[in-house]
Number of protein chains: 2
Amino acid sequence: MATSGQASGGRRDARLTEQGIYTAALRLIDADGVGALSMRKLAAVLGVNPMSLYHHVPNKAALLRGVKNLIAAQFRPRVDGGIWQEQLYRFARDFRALAHQHPNLIVHSLASPDFIEPEDPFWTGLTGILTRAGVPATEVAAVGAVLTSLFSGFLLAEGNGTLGRLAVLQPTPTAGPATASSADAGGDRNFTFAVQTLIAGIEAHLPR
Amino acid sequence: MATSGQASGGRRDARLTEQGIYTAALRLIDADGVGALSMRKLAAVLGVNPMSLYHHVPNKAALLRGVKNLIAAQFRPRVDGGIWQEQLYRFARDFRALAHQHPNLIVHSLASPDFIEPEDPFWTGLTGILTRAGVPATEVAAVGAVLTSLFSGFLLAEGNGTLGRLAVLQPTPTAGPATASSADAGGDRNFTFAVQTLIAGIEAHLPR
DNA sequence: ACCTGAACACCGTTCAAGT
DNA sequence: ACCTGAACACCGTTCAAGT
């Protein structure tokens with residue numbers, strides 16, 4: 001029951017709704033990727049004329065933004081408890097879990113501008129942790145922006161497979177890549193190393 | 001038919017060349033972005049029938065890959081001189097300079113799989129630096145993969161404007177974003193902080 | 001060997017018209 | 001107010017035919 005959006009006058013199924021359009025689009029994206037989403041296919045899934053969508057969504061870009069906001073609103077980071085390093089680790093883990101739930105959408109969103117908005121719980125949660133860590137107020141935004149960009153790169157590379165592909169390369173080209181049996185463990189190790197790197201960067205940047 | 005000269009710079013002459021197709025495509029991408037590139041527009045620029053392109057390039061995906069390889073081959077990292085921290089900083093700076101030369105192409109490539117290939121000078125250069133830094137041979141690939149993903153995220157966010165937008169947010173919402181006069185200095189500061197973070201992560205990961 | 005025209009199966013979106 | 005059909009201006013790609 002996360003979203004407290006509007007819920008005003010929710011008709012029954014028959015009527016076309018902005019929310020209904022977004023959730024149907026999300027289902028298509030989860031199944032086949034953002035590239036396979038089209039206004040016409042979405043209309044077909046909803047059993048409606050393609051042009052009917054334009055009475056609820058101005059265009060395809062707005063549609064994608066709406067779907068993104070639908071799941072961005074689900075992110076409720078827990079930023080309390082423990083020292084700030086633990087808070088940041090938990091924060092990163094929560095966000096990564098969200099990315100794993102909808103990898104197609106997240107990979108697309110991370111690669112495009114305007115994914116993070118200043119009002120998002122993501123940004124307010126992150127800047128809060130940085131402030132409690134002791135980052136000077138004048139530098140919280142810059143530090144948060146850099147950390148966001150770095151971590152987005154990790155999630156993006158993890159989501160599109162680049163990370164897994166490169167991480168198993170053997171130093172000597174004679175041997176092939178390692179077996180995929182330890183892929184999950186390796187992925188978690190990569191994640192831990194990535195977050196430790198970000199934490200080390202913050203620590204090195206704190207005023208002494 | 002006179003020309004037997006095969007200097008592959010098929011400009012507007014007559015003969016269509018794979019290289020000529022790639023460079024023309026790169027020009028279009030630099031001007032208007034990857035999204036504005038189409039086989040038909042590219043053919044129009046080359047003064048040729050759209051279908052003629054398919055005799056030299058199998059499809060659009062291969063076209064984009066060819067353009068990417070065209071500029072990936074230009075990256076010749078200088079990995080010698082100084083301690084490994086200096087080598088890594090120089091390496092990152094060189095790669096960032098390449099990204100600034102063709103931002104539209106790089107932003108698109110960073111977001112898609114297969115941008116980094118194991119034979120690329122990028123990967124061999126990076127793994128070489130990590131090895132000299134003392135990263136155990138069994139972990140060079142994983143560490144290099146994570147660092148690549150993190151740094152890609154930085155370049156991506158820098159290229160699509162997300163980084164600059166978030167970095168200037170003020171802690172108190174009352175004040176607007178800072179003036180853009182110091183944008184370049186801020187960008188360089190962000191870059192320095194990003195690379196320092198990566199270095200700190202490596203240092204923390206080195207065997208004691 | 002290289003190039004081309006016509007055609008197919010798609011797109012997003014506008015607009016005037018229906019109810 | 002909401003929905004629709006027809007139409008416009010595009011796509012990538014196949015195929016048979018030209019030279």
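Throughout, a chain's letter reflects where its sequence line sits, starting with A, and its residues are numbered from 1.
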Nearest 0.5 Å, what's the CG-CG distance between L105(A) and L64(A)?
8.0 Å
Between dC10(C) and dC8(D), how far is it from one C1' atom to the other, in whole Å?
15 Å
Rounded at 0.5 Å granularity, tell me how far CZ in R78(A) sits from CZ in F91(A).
11.5 Å
Output for pair (L70(B) CG, E18(B) CD), nearest 0.5 Å, gives 10.0 Å
From T17(B) atom OG1 to Y22(B) atom OH, the distance as rounded to the nearest 0.5 Å:
11.5 Å
Can you list, pair by pair, the side-chain donor-acceptor contacts under 3.5 Å of residues 139-149 of chain B, counting residues two or more places apart and other chains?
unit_1, atom_1, unit_2, atom_2, d
E139(B), OE1, H205(B), NE2, 3.2
T148(B), OG1, G144(B), O, 2.7
S149(B), OG, V146(B), O, 2.7

Please confirm whether the backbone N or O of F122(A) pairs with a side-chain atom of D120(A), one donor and one acceptor, at under 3.5 Å?
no
N104(A) side, atom CG; H102(A) side, atom NE2 - distance, nearest 0.5 Å:
10.5 Å
Residues from residues 28-53 of chain A sitting under 4.0 Å of DNA chain D, heavy atoms only?
R40(A), V48(A), N49(A), M51(A), S52(A)
Taking atom CD of Q196(A) and atom CG of L198(A), what is their separation to the nearest 0.5 Å?
10.0 Å
DNA chain C-proximal residues of residues 102-114 of chain A, any heavy atom under 4.0 Å
none
Going by the angle between their ring planes, with limits at 30° and 60°, are F75(B) and F95(B) parallel, tilted or perpendicular?
perpendicular
Taking salt bridge (Lys or Arg N to Asp or Glu O under 4.0 Å) as the cut-off, I'd like each qualifying pair that reaches into residues 149-166 of chain A, sequence neighbours left out, listed once.
R96(A)-E158(A), R165(A)-D114(B)
Less than 4.0 Å between a side-chain N and a carboxylate O, is that true for E117(A) and K68(A)?
yes
Any N/O pairs under 3.5 Å between the protein and nucleotides 17-19 of chain D? List them or say none.
none

Taking atom types as modelled and ignoring hydrogens, do the side chains of Q85(A) and Y89(A) form a donor-acceptor contact shorter than 3.5 angstrom?
no
Starting at OH of Y54(A) and ending at C1' of dT14(C), how long is that distance when rounded to a whole Å?
10 Å
Map every base of DNA chain C to its dot-bracket character, where paired means a Watson-Crick or G-U wobble contact with both distances under 3.5 Å and | marks a partner outside the strand.
||.|||||...|||||.||
Does the side chain of H56(A) get closer than 4.0 angstrom to OP1 or OP2 of dA1(D) through an N or O atom?
no
Just by distance, do the side chain of S38(B) and the backbone of K41(B) share a donor-acceptor pair under 3.5 Å?
yes
Can you tell me how far P of dT14(D) sits from NZ of K60(B), to the nearest Å?
15 Å
